[in-house]
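What follows is a short report on a single structure.
What's counted below: heavy atoms across the whole structure, side chains too, no hydrogens, waters or symmetry copies. Remember, it's a predicted structure, so these values are computed and weren't measured experimentally.
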Amino acid sequence: MVLLPEDVYEKLEFDKILDLLTHSCYGERGQAAVANIKPTGDLTRINRWLAEVDEFKRCIEQRQEFPIGPYQEVAEELRMLEIPGYVLAEEGLQKLNVLLLFIRDIYRFFTNERQEAYEALFNIIRPVEFNEDLLKAIERVIDEEGTIRPDASPDLQKIRRHMQSKYREMDRTFRLLIEQYR
């Protein structure tokens, strides 16, 4: 059992390293994971982490841009989707879509050649399943800006056509009234 002074992390400036890492994280879960990092003496773990860092560094040096960026947490949306019959709001679909696009791009990044060259990084995403059909289904409903497509469903198309006809009818009536009062 090794006893360390309470302020050993501050003396080693480990807290500053964690702060820098936290600001580099794109998502809340990454920030939470960084907050829980503690120094370790486990050589297997240390070597795995060093391999991951080395591979990511090589990736950057070789200008092979790793496809990741800012995203919003989707835990609440996933929890709500477990409720039978629940329908996600536009914003929730958009958040899921962004995350699925990142996952798709990450899988595309790891060609067979890159899986071998960046094995430690690929091992991080290996357990993650990606369903292209889910991404396609979401993209049939929302457009690039994250708004619901007018043709997302037959019922929605029917409602939009009805609304457009009502707008035209209102416009025609308005123009008639304007003419009448001239």
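Going from atom CD1 of Ile142 over to atom CG of Leu88 covers 10.0 Å, rounded to the nearest 0.5 Å. In this structure, OH in Tyr71 is found 15.5 Å from CG in Asn97, a value given to the nearest 0.5 Å. Distance check: Ile106 CD1 to Leu101 CG gives 11.0 Å after rounding to the nearest 0.5 Å. Atom CG of residue Asn131 and atom NZ of residue Lys136 lie 10.0 Å apart, to the nearest 0.5 angstrom. Here the CG atom belonging to Leu96 is positioned 7.0 Å from the CG atom belonging to Leu134, to the nearest 0.5 angstrom. Note: Tyr118 OH to Phe110 CZ = 9.0 Å, rounded to the nearest 0.5 Å.
The closest side-chain heavy-atom distance from Thr44 to Arg48 is not below 4.5 Å. Contact check for Met80 versus Ile83: side-chain heavy atoms found under the 4.5 Å cut-off. With a 4.5 Å cut-off on side-chain heavy atoms, Thr173 and Met170 do not count as touching. Looking at Asp19 and His23, their side chains come closer than 4.5 Å, going by heavy atoms from C-beta outward. At a threshold of 4.5 Å between non-hydrogen side-chain atoms, the residues Lys158 and His162 do not count as touching.
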Sequence neighbours left out, cut at 3.5 Å: what donor-acceptor pairs do the side chains of residues 28-38 make with other protein atoms?
from, atom 1, to, atom 2, distance (Å)
Arg29, NE, Glu73, OE2, 2.7
Asn36, ND2, Ala32, O, 3.2

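Counting heavy atoms of neighbouring residues, nucleotides and ligands inside a 6.0 Å radius, atom CD of Gln62 exceeds 12 of them. Within a 6.0 Å radius of CD in Glu65, other residues, nucleotides and ligands contribute 12 heavy atoms or fewer.
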Practice task
Could you give me the CA-CA distance, side-chain angles and deciding distance for Arg168 and Gln164, then say whether side chain to side chain contact (heavy atoms under 4.5 Å, CB included) is met?
Solution key: CA-CA 6 Å; Arg168 283 192 298 270; Gln164 286 174 346; 3.8 Å; yes
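Distance alone, capped at 3.5 Å, is enough to place a donor-acceptor pair between the Asn123 side chain and the Glu119 backbone. Asn47 places a side-chain N or O within donor-acceptor distance of the main-chain N or O of Leu43, the cut-off being under 3.5 Å.
Cation-pi geometry between Arg114 and Phe109 is met: under 6.0 angstrom from the ring centre, within 45 degrees of the axis.
A salt bridge is defined here as a Lys NZ or Arg NE, NH1 or NH2 lying under 4.0 Å from an Asp or Glu carboxylate O, and Glu76 with Arg79 meets this definition.
Ring-plane geometry between Phe130 and Tyr107 is classed as parallel, the angle between the planes falling under 30 degrees on a 0 to 90 degree scale with a further cut at 60.
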